[in-house]
Amino acid sequence: MTQEIFTKNEKETRKTAQLLAKEIQKSRRSAVIGLVGELGAGKTTFIKGFAKGLGIKRRLTSPSFVILKKYKNFYHIDCYRLKGSKDILALDFQEIISNPKNTIVIEWAEKIRKILPSYTIWLKFKIISDKEREIKIL
Ligand code: ADP
Ligand code: MG
């Protein structure tokens with residue numbers, strides 16, 4: 001089932017993410033969320049709200065230069081600088097996603113599509129205008 005959400009500003013994107021995180025937290029297997037969308041589309045903003053929804057108190061910063069950041073059972077991965085799936089496997093990726101306690105959100109997830117599980121939740125971000133974004137849940 002596809003669902004489209006339109007947000008009018010950054011705060012709405014964070015709020016949407018926060019609610020979605022609470023829903024996803026109810027499921028028992030590991031949650032893998034793949035985010036797709038151009039630079040500035042709102043992926044990192046979304047993840048900040050998502051982390052808050054999971055109860056993570058620490059301020060989330062963008063991992064752009066490090067690929068992976070871990071906050072307890074929450075993992076923020078940014079594939080922007082990755083060439084393919086191989087590099088990510090070096091991060092014990094399979095082990096991380098096989099733990100049902102873990103929640104993993106991945107920016108530029110299309111770059112590692114091949115190694116993502118079939119239950120991955122795909123979110124597509126689109127810039128509609130200066131402040132408006134479309135978030136499509138696939
Ligand atoms: P990405 O991680 O996709 O590159 P970011 O979340 O880092 O995107 O940046 C999104 C930028 O767009 C921020 O500067 C944010 O303030 C701005 N913005 C404007 N409107 C929105 C919106 N509706 N949702 C999310 N971000 C928005
Ligand atoms: Mg980003």
Side-chain angles (χ1 to χ4, degrees):
M1 195 185 70
T2 309
Q3 198 187 337
E4 283 127 30
I5 297 160
F6 289 88
T7 65
K8 287 192 199 67
N9 53 53
E10 192 180 320
K11 197 176 163 195
E12 276 190 21
T13 295
R14 284 204 307 266
K15 194 77 203 166
T16 300
Q18 213 176 318
L19 293 173
L20 194 69
K22 292 211 167 95
E23 275 308 305
I24 287 172
Q25 209 175 22
K26 292 178 193 158
S27 70
R28 278 183 194 189
R29 63 177 159 197
S30 71
V32 181
I33 299 118
L35 278 60
V36 178
E38 63 187 293
L39 268 179
K43 302 181 295 301
T44 302
T45 301
F46 181 93
I47 292 167
K48 285 178 182 168
F50 197 92
K52 195 176 175 196
L54 292 180
I56 288 154
K57 303 250 157 54
R58 257 170 68 204
R59 202 173 147 264
L60 190 137
T61 54
S62 187
S64 288
F65 294 96
V66 286
I67 303 176
L68 182 139
K69 273 203 179 172
K70 183 182 190 300
Y71 305 79
K72 292 184 184 164
N73 287 113
F74 177 68
Y75 291 81
H76 179 187
I77 297 175
D78 192 332
C79 298
Y80 186 60
R81 285 180 172 73
L82 281 188
K83 295 249 156 59
S85 309
K86 276 187 196 137
D87 300 354
I88 202 96
L89 293 171
L91 302 168
D92 295 325
F93 186 71
Q94 299 299 354
E95 203 181 308
I96 294 168
I97 64 170
S98 62
N99 183 345
K101 285 192 190 124
N102 289 342
T103 301
I104 303 105
V105 292
I106 309 159
E107 295 189 55
W108 301 95
E110 69 273 25
K111 290 193 173 191
I112 58 163
R113 184 179 311 245
K114 277 196 282 183
I115 61 159
L116 294 180
S118 57
Y119 58 82
T120 299
I121 298 166
W122 288 92
L123 301 179
K124 292 203 171 164
F125 289 74
K126 202 164 142 190
I127 300 176
I128 303 296
S129 66
D130 183 29
K131 295 272 174 199
E132 198 180 5
R133 302 290 185 270
E134 182 195 41
I135 306 166
K136 205 182 257 184
I137 308 175
L138 303 173

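We count ligands from 1, going down the list as the structure has it; atoms in each ligand are counted the same way. Just so you know, these numbers use all the heavy atoms, side chains as well, and skip hydrogens, waters and symmetry mates.
No N or O atom of K8 sits closer than 3.5 Å to an N or O atom of ligand 1. On a distance-only criterion, G42 and ligand 1 share at least one N/O pair closer than 3.5 Å.
Distance from atom 25 (C) of ligand 1 to its nearest protein heavy atom, with residue and atom name: T13 OG1, 3.4 Å. Closest to atom 5 (P) of ligand 1, if we only count protein heavy atoms, is T45 OG1, 3.8 Å. When only non-hydrogen protein atoms are considered, atom 3 (O) of ligand 1 lies nearest to K43 NZ, 2.7 Å. Ranking the protein heavy atoms by distance from atom 10 (C) of ligand 1 puts G40 O, 3.4 Å first. Remark: minimum distance from atom 23 (N) of ligand 1 to any protein heavy atom is reached at K131 O, 2.9 Å.
With K8 as the fixed residue, the side chain to side chain contact (heavy atoms under 4.5 Å, CB included) test singles out one of E10, K11, E12: E12. With I106 as the fixed residue, the side chain to side chain contact (heavy atoms under 4.5 Å, CB included) test singles out one of L35, D78, L68, I112: I112.
T44 and E107 are linked by a side-chain donor-acceptor pair at a separation below 3.5 angstrom, with hydrogens and angles left out of the test.
With a heavy-atom cut-off of 4.0 Å, E12 does not touch ligand 1 at all. Proximity of D130 to ligand 1, defined as any heavy-atom pair under 4.0 Å, is confined to the backbone N, CA, C and O atoms.
Close approach of ligand 1 to L39 (heavy-atom distance below 4.0 Å) involves ligand atoms 4 (O). Remark: ligand 1 atoms within the under-4.0 Å shell around heavy atoms of E38 are 3 (O).
Here the side chains of Y75 and V32 are not in contact, with every heavy-atom distance at 4.5 Å or above. Looking only at side-chain heavy atoms (C-beta outward), I56 and F50 stay at 4.5 Å or farther from each other. At a threshold of 4.5 Å between non-hydrogen side-chain atoms, the residues I67 and R81 do not count as touching.
The heavy atom nearest to atom 7 (O) of ligand 1, out of those in T44, I128, D78, is found in T44. By heavy-atom distance, the residue among R14, E107, E10, R133 lying nearest atom 19 (C) of ligand 1 is R133.
Take the N/O/S atoms of E107: the one nearest the Mg ion (ligand 2) is OE1.
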Margin query: Run T13 and I5 through side-chain contact (heavy atoms from CB on, under 4.5 Å) and show every step you take.
Written below: CA-CA 9 Å; T13 295; I5 297 160; over 6 Å; no
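Residue-ligand proximity: G37 is placed with every non-hydrogen atom at 4.0 Å or more from ligand 1.
Of the possible donor and acceptor atoms, none in the side chain of R133 sits under 3.5 Å from a partner among the backbone N and O of K43. Counting only distance, with no hydrogens or angles, the side chain of K111 and the backbone of Y80 share a donor-acceptor pair below 3.5 Å.
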Scan the side chains in residues 113-127 for donor-acceptor partners under 3.5 Å anywhere in the protein, sequence neighbours excluded, and list what turns up.
unit_1: Y119; atom_1: OH; unit_2: S30; atom_2: OG; d: 2.9
unit_1: T120; atom_1: OG1; unit_2: P117; atom_2: O; d: 2.6

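Among the atoms of Y80, no N, O or S atom falls under 2.8 Å of the Mg ion (ligand 2).
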